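Here it is, the structure, as structure tokens.
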Amino acid sequence: MITFEDVTVTYADAERPALAGVDLHIPEGELVLLVGPSGSGKSTLLGAVNGLVPHFTGGELRGRVTVAGRDTRTHRPRDLADVVGSVGQDPLAHFVTDTVEDELAYGMESLGLPGDVMRRRVEETLDLLGLADLRDRPLSTLSGGQQQRVAIGSVLTVHPRVLVLDEPTSALDPGAAEEVLAVLQRLVHDLGTTVLLAEHRLERVVQYADQVVLLDGGGAPPVVGAPAEVMAVSPVHPPVVSLGRAAGWSPLPLSIRDARRRAAPLRERLDGRTPPAPAPVTDGRTLARVSGLQVRRGPVPVLRGLDLDLRAGQVTALMGRNGAGKSTLLGTLVGLHAPAAGRIDVGGLEPAKARPAQVLRHVGLVPQEPRDLLYCDTVAAECAAADRDSGAASGSCRALVSRLLPGVPDGLHPRDLSEGQRLTLALAVVLTARPGLVLLDEPTRGLDYAAKARLVELLRELAAAGHGILLATHDVELAAELAHRTVILAEGEVVADGPTAEVVVSSPAFAPQVAKVLAPAPWLTVRQVADALGLPA
Ligand SMILES: Nc1ncnc2c1ncn2[C@@H]1O[C@H](COP(=O)(O)OP(=O)(O)OP(=O)(O)O)[C@@H](O)[C@H]1O
Ligand SMILES: Nc1ncnc2c1ncn2[C@@H]1O[C@H](COP(=O)(O)OP(=O)(O)OP(=O)(O)O)[C@@H](O)[C@H]1O
């Protein structure tokens, strides 16, 4: 269904190809997972399938890519639209209409499908993706996860033979991610749809894949094979695979179920041991105090009487369903939204009433869409501006970028960076100012496991140096690894708040893989298990 013959893509002015010598054959009716470090060319490969590369991105494509027999170099994206549906990393940038319902119908309209078919499919999709209550909503008012659901829905309604999805679950809460993957699997099994999907959070997807394509980032040809085989050699792999590798299991487990079946001897060895006690969550100077907070967005009451204290030295994970109000809370803490009732005190200031420059000294936000923070033409200029704005020594921001993710080019426009590279830049810009309280909205989108590990290390250092950190995230593995404390929001209220292990272990939605494998024992990460047993990790 999809064929690559000796394909090389080189962007204008790039030192080396983003993709080199790729040969690949994807049969009809398979779900193929594309993995690899940040910047290894995953989005570029997907773009060569839907025609965005090179028609919209520029650069040069050598070799041949065909989809359902059509050459993507001679067929522009719109000439492929009846066969290929694609969802990119930034839904808002690709929406063509204004409301949820119109967006779901748009693709079908352009293909001229009959009205009754369109109505039916729109209704089905609204239900399937939990969007029924939002049908008339302007797209610009949706939360990040709600936008991603609409973007996915809008390609599903067309019933394309090929689906190309770039990190389709990155903004979804764990439950929604499972639902979307179940839908994709059903399309593959029942309709013979071919799905090509790039994803960093392998724990969410690897068990559904028929084949895995690994781009190693070094320019070598991709490694293609059965998921367990590729996972055995892949530099990026989910916690169950790390656990299996550390424990020497073969074949490697890909799902919780596989791992639980193998885990009995491991449990025995862990019997009587406990992970290191977590740091207490009530120490530390209060950096922000929120009490009885109510916030409306448009007519909708989003936060409904929320109480929260954030302390120095503490990393807090903020979790909860899409639309629960996480981004709204972060935005309110930096003064982007004014409270309808209740109080916020950040370093003695009321953020919505204080001058932004004053607020910035106490609290910095890395937004869900990093682009919102970046305004210069090059990475270098962005870094220089960040150093200047925050009075940091020249070169500070650039050094942070390099530390978090090697290989981010100085001269590139932030728009042309890969998703992970752009996020890294935004993180570095905010961290350069070293605000007392650092807020991060979904900080691991587009980041590979290595970049995530470096982020974890950096955030730990900041916490140890007395900064407070609040991260809104759907990444349960990140929360388990990093957060002292986890707060769960539902419908704008705090429904759980406590040490991470206590909050997540009992929750099917928020427990990390290791906790699920070893439950009811309180282990959260491969590192903890490996340290306790002296295994390599
Ligand atoms: N339009 C462009 N112009 C110049 N360089 C680009 C362009 N798009 C991507 N690149 C570069 O090509 C390389 C591959 O990028 P790509 O987005 O394909 O990576 P990726 O594997 O999808 O990364 P991520 O996991 O972070 O999304 C990166 O180094 C990136 O900076
Ligand atoms: N201008 C608006 N008008 C109406 N509702 C809005 C507006 N802006 C945001 N909302 C709603 O407020 C709710 C909370 O949004 P928020 O972005 O805070 O959620 P979130 O928990 O961060 O979600 P996600 O996990 O999807 O990022 C959502 O249901 C969203 O649709």
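All values reported here derive from a predicted model rather than from experimental measurement. Both backbone and side-chain heavy atoms feed into the values below; hydrogens, waters and symmetry mates do not. Ligands are counted one by one from 1 in listed order, and the atoms in each one are counted from 1 as well.
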Legend entry - Closest protein heavy atom (residue, atom, distance) for atom 23 (O) of ligand 1: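 It is Gly39 N, 2.8 Å.
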
Inset, instruction - Give the single entry among Lys326, Met319, Arg149, Gln148 that approaches atom 21 (O) of ligand 2 most closely by any heavy atom. - result: Lys326

Legend entry - Pair Asp102-Thr97, side-chain donor/acceptor within less than 3.5 Å: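 Their side chains do not contain a donor-acceptor pair, so the 3.5 Å distance test is not met.
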
Legend entry - Check: Ser143/Asn322 side-chain N/O donor and acceptor closer than 3.5 Å: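 Result is no, nothing qualifies.
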
Legend entry - Side-chain donor-acceptor pair present, Thr328, Arg297, cut-off under 3.5 Å: yes

Inset, instruction - Please report the closest heavy-atom contact between His55 and Thr72, naming both atoms and the distance. - result: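 Looking at all heavy atoms of both residues, the shortest contact is NE2-O, 2.9 Å.
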
Legend entry - ligand 1-proximal atoms of Leu412, by part, heavy-atom distance under 4.0 Å: side chain

Legend entry - Partner residues of Arg454 under the salt bridge (Lys or Arg N to Asp or Glu O under 4.0 Å) criterion, sequence neighbours left out: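 Partners of Arg454 under the salt bridge (Lys or Arg N to Asp or Glu O under 4.0 Å) test: none.
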
Legend entry - Shortest protein heavy-atom distance from atom 31 (O) of ligand 1, along with the residue and atom involved: Gln421 OE1, 2.8 Å

Legend entry - Close-contact set for ligand 1 against Pro37 heavy atoms, below 4.0 Å: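 This gives 21 (O) as the contact atoms.
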
Inset, instruction - Output the list of atoms in ligand 1 that are nearer than 4.0 Å to some heavy atom of Thr44, sorted by atom number. - result: 14 (C), 15 (O), 16 (P), 18 (O)

Legend entry - Proximity of Pro409 to ligand 1 by residue part, where a heavy atom lies under 4.0 Å: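 The answer is neither.
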
Legend entry - Structural part of Ser43 in contact with ligand 1, heavy atom criterion under 4.0 angstrom: both

